[in-house]
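Report on the structure given below.
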Amino acid sequence: MDKNKLIKSLYDNPELFVIAAARKRLLNFARYIQPEFSASEFHKNYYKVLDLFAHGKIKKLIVQAPPQHGKSQGSSRFLPAFILGIDPEKRICIGSYAATVAQDFNRDVQRIIDNERYAKVFPNTCLNGSNVVTIANNSLRNSNVFEIVGHKGSLRVVGRGGALTSKTVDIAILDDVYKDYAEGNSPIVRDAAWKWYTTVVRTRLHNDSQELIVFTRWNKDDIIGRLEKTNEKIIDVKNWSDLDNIPNGAWVRINYEAIKTSPPTEIDQRQEDTPLWPMRHSLARLKEQQALDPVQFQCLHQGNPSSAEGLLYQPFKTWVEKSDYGTYIRSGNYTDVADEGSDLLFSVCYDIYLSPNKAYNERTGNFEPILFALVTDMVATDEPTDVTTITIPEMINRNGTQKAWIESNNGGSQFEKVVKTKVKALTIPFHQSNNKESRIITSSAMVNQSIIMPFGWEKRYPTIHEHLTSFLRNFRANKHDDIEDGLTGVYEKEIATKNIHPYGKQTRGVVRRN
């Protein structure tokens, strides 16, 4: 058709303009397929990002967005249908927390492709049994997978933990891998989700595959959080120009906060303290939710699972010169022996110092001594007892410990008997019967104030540092609490007693000098 005829044809049939636009951009496609679809400013920007993914400009994309803002409508319904229209050879997989949820996505995409409007936009993409298929074919079509008639393209859906054996995936979309707060804060579920992602999803990809992860954040140790800890680069983008030179293999991440906390950017032009989708979720309503549970709001609505409001401890103080904390009193050790197979053994050596100052106790009306426990060495390990019964005594002797408190619940009693024969310090076995969670929470502020870490401890003890600085008040969200339990024990045995004297003549430990 020559140019004049084409212009006349478009003039006679304006819908052709709309169809041509729908064929080029995801937002136009969504508006044409679903005329009642109303796009807010957020949706316009969100769909532009997804459009760049659909056309291959972004290979690996992470989108963090609050619930009930239409993220799945874009990522897991319109996007797969649009991609299969652009390229019916693409093999797409959608994974979600449950197979039933993933199957809902499958059926919704099928409905879009079966739509008469879709056939006008992408006439070469159709499904077995649709009105436009007039030839016999054996293309699959069920709630788990459908194939594009006459092409290699397909959409397969799977629940978290499901298999993808022998299936090649060109585009993997993970949409809400965690069902709710309980799942997102379960270490067991997070471990299972990560194992499924690394051993099932990632193994089905190839060099040219694309990945899209879009979900609400529940915990900093989710799949996105674990990717942050790997060697894979994640770029937080704010402007469209940031997408012009994406390093090879890098993830592009965009976080859409329910309430904007930063200045406007090209990708999110909102002013500070404005809602993401005001027509659906007003600022007043969001503020009410925030007031009810600030910690959960930071994770769920702000995409910020590392919020300090959810952490049990503030940053620990560090020592360089011990004398800055007063006068040396005694040297001790506290060892929390692993009770079960998944527990850690935690052992910490410390020096007790008495501050020249005193603190006023409003309850008693008295001025009381201020004691500090300056950590000199510590270890957290899951190694077997045949190893720890060697390494822990070595640490105790190396640090000139005078008394070692050894928690003797379950296997601790036998551990103490072995250690006792190998150290100069007096070992004190004891049984801890009080509720662990209650003890840790109740004493957390005093542990933070009175236990002083050695300068540079984040490099010397990286695992312990990571655990303490990310330990959440919600105990279900933490995989272990042995380190926190041990430091609480130090406070209870050495600080809370207000004992300002050396251990006494009964100790057979070495004398520790300032």
Side-chain angles (χ1 to χ4, degrees), residues 26-27 29-30 33-34 36-37 43 46-47 49-51 53-54 61-88 90-115 117-118 121-122 125-130 139-149 151 153-164 167-180 183-184 193 196-197 200-202 204-205 209-216 218 222-224:
L26 178 63
L27 181 59
F29 170 79
I33 294 296
Q34 187 175 311
E36 66 275 18
F37 175 64
H43 295 108
Y46 176 43
Y47 276 65
V49 173
L50 294 180
D51 187 78
F53 179 86
L61 175 64
I62 294 172
V63 177
Q64 300 176 182
Q68 299 300 311
H69 278 70
K71 64 182 187 303
S72 294
Q73 183 66 19
S75 68
S76 305
R77 295 183 177 93
F78 285 135
L79 180 65
F82 183 69
I83 291 175
L84 289 171
I86 296 173
D87 186 352
K90 290 292 186 184
R91 291 159 294 188
I92 304 173
C93 173
I94 300 178
S96 192
Y97 64 84
T100 53
V101 176
Q103 287 167 357
D104 285 343
F105 291 142
N106 177 305
R107 285 188 284 266
D108 289 341
V109 176
Q110 289 188 39
R111 292 189 187 100
I112 292 174
I113 297 178
D114 281 340
N115 191 309
R117 287 173 172 259
Y118 186 92
V121 180
F122 298 117
T125 300
C126 56
L127 305 179
N128 190 355
S130 66
S139 298
L140 286 174
R141 181 176 183 176
N142 55 51
S143 60
N144 292 312
V145 59
F146 67 74
E147 299 172 333
I148 304 302
V149 174
H151 298 276
S154 63
L155 174 67
R156 187 176 301 275
V157 298
V158 62
R160 186 188 66 222
L164 286 171
K167 306 301 180 184
T168 299
V169 175
D170 299 316
I171 297 175
I173 300 173
L174 298 189
D175 187 332
D176 282 335
V177 179
Y178 311 95
K179 178 181 179 181
D180 51 24
E183 281 203 353
W196 173 71
Y197 171 67
V200 177
V201 178
R202 289 290 288 264
R204 309 322 308 166
L205 306 178
S209 292
Q210 293 176 260
E211 292 184 76
L212 169 60
I213 297 177
V214 52
F215 56 69
T216 297
W218 293 104
D222 58 19
I223 288 177
I224 295 174

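Note that this is a predicted model, so its numbers are computed, not measured. Note that these values count all heavy atoms, side chains included, but never hydrogens, waters or copies made by symmetry.
Taking the side chain as every heavy atom from C-beta outward, Pro80 and Phe105 never approach each other to under 4.5 Å. Using a 4.5 Å heavy-atom cutoff, the side chains of Gln110 and Ile113 are not in contact. Ile223 has its side chain within reach of Val177: a pair of non-hydrogen atoms, C-beta onward, lies under 4.5 Å apart. Using a 4.5 Å cut-off on side-chain heavy atoms (C-beta onward), Phe146 and Val109 make contact. Considering only heavy atoms from C-beta on, Arg117 stays 4.5 Å or farther from Gln34 through its side chain.
Of the charged side-chain nitrogens involved, at least one lies within less than 4.0 Å of a carboxylate oxygen, so that Arg141 and Asp114 count as a salt-bridged pair. Taking 4.0 Å as the cut-off between side-chain N and carboxylate O, Lys71 and Asp176 count as a salt-bridged pair. Ion pairing between Asp170 and Lys90 fails under the 4.0 Å rule for side-chain N and carboxylate O.
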Side chain to side chain contact (heavy atoms under 4.5 Å, CB included) between Lys179 and Arg160, worked out: CA-CA 10 Å; Lys179 178 181 179 181; Arg160 186 188 66 222; 5.7 Å; no
Derivation and outcome, side chain to side chain contact (heavy atoms under 4.5 Å, CB included), residues Thr100 and Asp104: CA-CA 6 Å; Thr100 53; Asp104 285 343; 5.6 Å; no
Test log, rule side chain to side chain contact (heavy atoms under 4.5 Å, CB included), inputs Ile148 and Leu127: CA-CA 5 Å; Ile148 304 302; Leu127 305 179; 3.8 Å; yes
Chi angles and distances behind the side chain to side chain contact (heavy atoms under 4.5 Å, CB included) call for Tyr46, Leu27: CA-CA 9 Å; Tyr46 176 43; Leu27 181 59; over 6 Å; no
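Between Phe122 and Ile86, the shortest heavy-atom contact is CE2-N, 3.8 Å. Leu164 and Val200 get closest at one heavy-atom pair: N-CG1, 3.9 Å. The nearest pair of heavy atoms linking Ile171 to Val169 is O-CG1, 3.3 Å. When every heavy atom of Val201 is checked against every heavy atom of Ala172, the shortest pair comes out as CG1-CB, 4.1 Å. Closest approach of Ala54 to Leu79, counting heavy atoms only: CB-CD1, 3.7 Å. In plain terms, the two heavy atoms of Thr125 and Pro88 that are nearest each other are OG1-CB, 3.7 Å.
For the atom pair Ser72 OG and Ile173 CD1, the distance stands at 10.5 Å (nearest 0.5 Å). The CD1 atom of Ile94 lies 7.0 Å from the CD1 atom of Ile92; values are rounded to the nearest 0.5 Å. Here Arg156 contributes atom CZ and Asn142 contributes atom CG; the two are 8.5 Å apart, rounded to the nearest 0.5 Å. With rounding to the nearest 0.5 angstrom, the CG atom of Leu61 is 9.5 Å from the OG atom of Ser75. One distance of note links OG1 of Thr216 with CG of Asp180; it measures 11.5 Å at 0.5 Å rounding. Atom NE2 of residue His43 and atom NE2 of residue His69 lie 7.5 Å apart, to the nearest 0.5 angstrom.
Applying the salt bridge (charged side-chain N to carboxylate O under 4.0 Å, His left out) test to Glu147 and every residue at least two apart in sequence or in another chain returns nothing.
Relative ring orientation between Tyr47 and Phe37 is described as tilted, the plane-to-plane angle lying within the 30° to 60° band. The aromatic rings of Phe215 and Tyr178 stand perpendicular to each other, their planes meeting at an angle above 60°, with 30° marking the opposite boundary. In this structure, Phe29 and Tyr118 have perpendicular ring planes: the angle between them is above 60°, well past the 30° mark.
In this structure a side-chain-to-backbone donor-acceptor pair under 3.5 Å is missing from Asn106 to Val157. The main-chain N or O of Asp175 is found under 3.5 Å from a side-chain atom of Ser96 such that the two form a donor-acceptor pair. Distance alone, capped at 3.5 Å, places no donor-acceptor pair between the Trp218 side chain and the Glu183 backbone.
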